[in-house]
Amino acid sequence: MADSAKLTYQDKTVELPVVVGSENEVGVDVSKLRAQTGIITLDDGYGNTGSCLSGITYIDGEKGILRYRGYPIEQLAEKSSFVEVSYLLIFGELPNADQLQEFREHLTQHQFIHESMRHHFEGFPPTAHPMAILSAMINAASCFQPQLMKFEDDASFADSVARLMSKVRTISAASYKQSIGQAIMYPRFDLRYTSNFLYMMYGRPNLDYEPDEDVVRALDQILILHADHEQNCSTSTVRMVGSSQANLWASVAAGVCALWGPLHGGANQAVIEMLTEISASGESCESFVRRVKDDPDTRLMGFGHRVYKSFDPRAKILKAACDKVLDKLGVQDPLLDIAIKLEETALKDEYFVARNLYPNVDFYSGIIMRAIGIPLNMFTVLFAIGRIPGWIANWREVHLNPKARIYRPRQIYTGETARDYVPVQQRQG
Ligand code: ACO
C-alpha cells in the first residue's frame, strides 16, 4: 500500500502523506497542501472530506455496516441497553457490572432539573416546537451549575455526562407536558432511563401509569440505533462548536439545532407527514414515486443517505422491530402498509436503483414511535435523546486531542472583486 500520494498542479508536484485507518480506509492528508502550493481542496458539502481521526463509530456505507467501538449494531440492538451503549460510546469500553450500576445510579441521582427551570418552560408559547425548547433549555440548565462547564478530571467529566444525559430526558418530557398544558412530572427513583422517560411523558399527578415493558424495549432499541453515526451534520456541529473550546452543554445545544432540519433528524417527522398526506389524498404509491422523480422539490423522505449506498442496517432492524411492536400492541396502522408499498415501489424503480437510494433509519422509526404513542412533534426530540451519547463522545474526542485546533474550513471566493464605496446619492437604480 502506498504511504503517500502525488498531486501535480501546473509545474509543481507535491507528495502528500496517506493515513490508513484500522479498517483500511485511506485518506490523503492535505493539511499542508496550501502551505506547500497555495492551493486548497474544494469539497462542497464535505462529501469526500475526512474532518478528523475518530475511534468511536465505524460505517461501511457500501456494505451496510455500522459498529460502535467495534461492536456490530445488530448485536447491540438485540442484547444491550441504551444506558450500556451510552457508556460504551462515551468511555470506550462496555462497562463491567459495577461500572454499569454506578452509571445508572449517577443518571438517577441527577435526573431532576433545578426548580427554577420550571418557570422557563412557562415562558414558551404552546406552539413552541420541543426541539427549540430542548436546545434553549440545555444551555439554561448549564447556567444553574456553572461548574459543569469545566472539567478538572475524569470524575467531574463523568458527573457532567450523567447530568446532561439525565436532564435532557427530563427536559424533553417536560417540554411535551408544557406544550399540551399538563403538569410537568417529576422523574421516579425506581424506574430506569427509558421507562422514566415514558412515565414523565404519560404519567399524570392523579393517575397511575406504569410503562409497558414491550414499549420500553422498543423505545430503548430506537435510542440505541440513534446513539451515534460518525461525522453526520449534528455531530460535526458539536465537534465544530467544541473545537472553539465551547463547553459540552453549549456544543450539544448546537447539535440539537442541527439535528432539527428535515434533511437530518427532522426526517422522521417528515416521513409520517408524507405518509399521512398520501393516505389522506388517496394517491397511489406509484403516482407518488413518479411525482418524486419529476419534481426536484419533492423527495421520498426516509430514503437516501450520504454514506449508505446499500441498506442502512438500522432501517433493517427497525423494519423487523416495527412488525413485532405493532403486532404485540395490536396496532393496525394504514401508514405502515403505505410505507411497505412505497419501499417496494421505490426499490424496483430505476431512478432509485441508479442513485443507490434505500430506506434510512427514519423510514420505519416514525411508525414505531406512532404505535407507542409518541406525538409527532416529539419524534426528533427522541432522536436527540438517543444521539446525546454520540455527541458527548465526539466532543470528548476533540477535547482530549492534544493536537486539536479550532475547526476552520476555507472557501473559494466567487463574489465581487475589489470596488470603491459609492455614496448613496450617487448610486444608480
Ligand atoms: N428522494 C428522491 N431523490 C433523492 C432522494 C430522495 N429521498 N435522496 C437523494 N435523491 C437524489 C437527488 O435528487 C440526487 O439526484 P441527482 O443526482 O439526479 O441530482 C441524488 O439522489 C443524490 O442526492 P443528494 O441530495 O446529492 O445526496 P446527499 O448525499 O447530498 O443527501 C440526503 C443525502 C440528505 C439524506 C438525501 O438523500 C435526502 O434528502 N433524503 C431525504 C431526507 C431524509 O430521509 N433524511 C434523513 C437522512 S438519515 C439521518 O439524517 C438520520
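First listed ligand is number 1; within each ligand, the first listed atom is number 1.
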So for ligand 1, is [X] a polar contact partner (N or O within less than 3.5 Å, distance only)?
X	answer
R355	yes
F352	no
D362	no
Y351	yes
R299	yes

Quick one: do the [X] and [Y] side chains pair a donor with an acceptor below 3.5 Å?
X	Y	answer
S54	E397	yes
T194	D220	yes
W391	S251	no
E273	Q269	yes

Protein contact for [atom] (heavy atom, distance under 4.0 Å):
atom	result
atom 22 (C) of ligand 1	no
atom 37 (O) of ligand 1	yes
atom 45 (N) of ligand 1	yes
atom 19 (O) of ligand 1	no

In terms of heavy-atom contacts, G64 and S310 come closest through N-OG, 3.5 Å
So, for F383 and H229, is the gap between ring centers shorter than 6.0 Å? no
Just let me know how H264 lines up against ligand 1, side chain, backbone, both or neither, with a heavy-atom cut-off below 4.0 Å. both
Counting only heavy atoms closer than 4.0 Å, does ligand 1 sit against the backbone of V361, its side chain, both, or neither? side chain
Please check this pair: side chain of Q221 against backbone of A218, looking for a donor-acceptor N/O pair closer than 3.5 Å. no
Residue [X] vicinity, atoms of ligand 1 by number, heavy atom under 4.0 Å:
X	value
F383	51 (C)
G302	43 (C), 44 (O)
A267	43 (C), 44 (O), 45 (N), 46 (C)

Selected option - heavy-atom contact closest to [atom], from [options]:
atom	options	answer
atom 7 (N) of ligand 1	L300, D295, L225, N268	L300
atom 2 (C) of ligand 1	V289, L263, N356, V292	V292
atom 5 (C) of ligand 1	L357, V271, T298	L357

Could you list the donor-acceptor pairs under 3.5 angstrom formed between side-chain atoms of residues 335-342 and any protein atom two or more places apart in sequence or on another chain?
unit_1, atom_1, unit_2, atom_2, d
K341, NZ, E286, OE2, 2.7

Charged tip of R239 within 45° of Y407 ring normal and under 6.0 Å: no
Y186 ring centre to R118 NZ or CZ under 6.0 Å, with the angle to the axis within 45°? yes
Protein heavy-atom partner closest to [atom] - residue, atom, separation in Å:
atom	result
atom 40 (N) of ligand 1	F303 O, 2.9 Å
atom 48 (S) of ligand 1	H305 CD2, 3.6 Å
atom 33 (C) of ligand 1	R306 N, 3.8 Å
atom 35 (C) of ligand 1	G304 O, 3.7 Å
atom 42 (C) of ligand 1	M301 CE, 3.5 Å

Before accepting this row, confirm whether a basic side-chain N of the pair D159/R163 lies closer than 4.0 Å to the acidic partner's carboxylate O. yes
Below 4.0 angstrom, N of the basic side chain to O of the carboxylate: do R188 and E210 qualify? yes
With T57 as reference, evaluate D228, T235, N394 under the side-chain hydrogen bond (donor to acceptor under 3.5 Å, both in side chains) test and give the passing residue. D228
